[in-house]
Amino acid sequence: MRSLQPVRGTQDLLPEMVRRHRQVAETARSAAELYGFAEIATPIFEFTEVFSRPIGETTDIVSKEMYSFVDRGGEEITLRPENTAGVVRAVLSGGLIQNTPLRFFYSGPMFRYERPQKGRFRQFHQIGVELIAVSQPQADIEVIALGSRILDVLGIRQHTVLELNTLGDPASRTAYREALVSYFSQRVSELSEDSRRRLDRNPLRILDSKEESDRRVSLEAPSLDEYLNTESRDFFADVKSGLDRLGIPYRLNPHLVRGLDYYTHTAFEFVTPHLGAQGTVIGGGRYDGLVEMMGGPAMPGVGWAAGIERLAMLIDETAEATALTLAEVLRSNGCVVDLGYSGNLARRMRRANRINARAAVLIGEDEIARNVATLRDLDTGEQVEVTTDPSLGELRARLQAFYG
């Protein structure tokens, strides 16, 4: 019998990790409520066509990554690879069309057969929001603002960058698609095998290929900006000006695309350099054609999804970076500092006792979000919160008091 281990691409969520996941989900849930979003929970498996119809039979997600099977009743079933299609299906089958606009928040596991690596699992967890039946750019601004608020409350907004692009309306997108097919067809021999397959069915995806050969060819590809009509330009200008008014900084990224035809106008991602190749922590955009594609009336929508695992990892990275910076400032002021590099809180406190430490400075997700640290007197057990302004004046004063 093989050694009992989790299936490749999955992981056990032990108590410490469960706590972090819960903190991310509960923070997002509370923030979503402030924006009027109600929580929805859909089944983790659906009829396969719920995903194959909108995502597309020829996409990597459907052809290579979905966990699909025939159940004992002969039905074709798929574990959900994402949740937007499931939410739209729930809106249609639940007869909610008459109650628009609709604002939904969700949290739960998703499943994709991908190559496991840091920040990427075959069973992973997401939070997400969907705002359905609002065509104005204010909806795009609002869901982006909600994502920014969640990152801010988690204490990691400053470690991310909002990247923004427009895909234009359907007319602009169609014209651009034709231009791309014409351009890439002339240089097809230089494209990777995957991009050659995408050329006819999904040419926009060539633009965000990671293959070096595709990147070289894409540098000279036509720009979408050349094919945007007035309506598309005005819509994107309204989104940008709305973000400017809210003080939400962004970086334009013309290579940020969504390959499926029902995506229109705004595409956005919050990205970070701290998680390697898996740098996207929130990704979303407008999907005005999805409801109609799934059998409903023509109805706009916009939303995003965020990986809980990646957010939890970024929180950890942020805590470590904060601790390192704080330690250097304290050392510069004559304090002897021993960093706890690994282990849970109990283990780190045992080490503090072994080395006869006089005090411990505790920094967690909650402290980072509020710009404070917890100072614990290891002789009396008493602890107090202190601010972590750049000078660390309050913390230094209290530590000096410990040593007389």
Side-chain angles (χ1 to χ4, degrees), residues 13-28 30-31 118-119 148-161 270 272-276 279 281 306 308-404:
L13 297 181
L14 300 178
E16 179 65 18
M17 183 60 72
V18 169
R19 185 188 64 79
R20 293 176 188 168
H21 276 224
R22 184 185 300 118
Q23 193 233 356
V24 170
E26 290 180 352
T27 296
S30 297
K118 180 181 179 181
S148 181
R149 179 182 291 270
I150 291 169
L151 295 177
D152 189 49
V153 175
L154 289 173
I156 55 178
R157 177 66 179 92
Q158 70 272 26
H159 298 291
T160 67
V161 174
F270 287 89
T272 179
H274 299 290
L275 298 180
V281 293
I308 293 179
E309 283 85 355
R310 294 183 190 178
L311 290 173
M313 289 169 59
L314 186 55
I315 291 171
D316 287 345
E317 293 282 340
T318 301
E320 291 174 4
T322 301
L324 189 61
T325 301
L326 186 150
E328 284 301 297
V329 173
L330 292 176
R331 287 166 179 153
S332 297
N333 285 272
C335 295
V336 177
V337 181
D338 183 280
L339 280 172
Y341 290 103
S342 62
N344 57 27
L345 178 60
R347 182 176 298 176
R348 297 187 190 199
M349 295 308 298
R350 285 197 295 270
R351 171 171 171 74
N353 288 329
R354 285 199 304 272
I355 64 175
N356 294 318
R358 179 68 177 81
V361 180
L362 310 179
I363 306 170
E365 301 96 312
D366 181 60
E367 284 86 356
I368 289 174
R370 295 186 293 114
N371 293 314
V372 300
T374 298
L375 177 62
R376 180 180 296 181
D377 185 327
L378 296 183
D379 286 346
T380 66
E382 295 180 356
Q383 60 185 43
V384 62
E385 283 189 352
V386 295
T387 59
T388 53
D389 59 274
S391 69
L392 297 179
E394 182 183 4
L395 178 58
R396 288 190 290 109
R398 289 183 177 273
L399 285 174
Q400 289 168 1
F402 281 163
Y403 296 99

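- How far CG of Leu13 is from CZ of Arg19: 13.0 Å, rounded to the nearest 0.5 Å.
- Side-chain contact, Thr374 with Gln383: no donor N or O sits under 3.5 Å from an acceptor N or O.
- For Thr380, the side chain to side chain contact (heavy atoms under 4.5 Å, CB included) partners two or more places apart in sequence, or in a different chain, are Asp377, Glu382.
- In this structure, the salt bridge (Lys or Arg N to Asp or Glu O under 4.0 Å) partners of Asp338, at least two apart in sequence or on a different chain, are Arg351.
- Taking CD of Glu385 as the start and CG of Leu375 as the end, the distance is 11.0 Å to the nearest 0.5 Å.
- Looking at residues two or more places apart in sequence or on another chain, you find a side chain to side chain contact (heavy atoms under 4.5 Å, CB included) between Thr322 and Thr318, Ile363, Ile368.
- Contacts of Glu367 classified as salt bridge (Lys or Arg N to Asp or Glu O under 4.0 Å), with partners at least two apart in sequence or in another chain: none.
- Once rounded to the nearest 0.5 Å, the distance linking CD of Glu16 with NE2 of His21 reads 11.0 Å.
- Residues satisfying the side chain to side chain contact (heavy atoms under 4.5 Å, CB included) criterion with Val337, sequence neighbours excluded, are Ala327, Leu330, Arg331, Cys335.
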Report task. Might you work through the side chain to side chain contact (heavy atoms under 4.5 Å, CB included) test for Ile315 and Gln23, ending with a clear yes or no? Result -> CA-CA 11 Å; Ile315 291 171; Gln23 193 233 356; 3.8 Å; yes
Requested in this report: Carefully, step by step, assess Arg358 and Leu378 under the rule side chain to side chain contact (heavy atoms under 4.5 Å, CB included).
Outcome: CA-CA 6 Å; Arg358 179 68 177 81; Leu378 296 183; 5.8 Å; no
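- One distance of note links CD of Glu309 with CZ of Arg20; it measures 12.5 Å at 0.5 Å rounding.
- The shortest distance between side-chain heavy atoms of Leu395 and Leu326 falls below 4.5 Å.
- A distance of 10.0 Å separates OG1 of Thr272 from CG of Leu311, quoted to the nearest 0.5 Å.
- With sequence neighbours left out, the salt bridge (Lys or Arg N to Asp or Glu O under 4.0 Å) criterion links Arg157 to no other residue.
- To the nearest 0.5 Å, the span separating CG on Leu314 from CG on Leu154 amounts to 9.0 Å.
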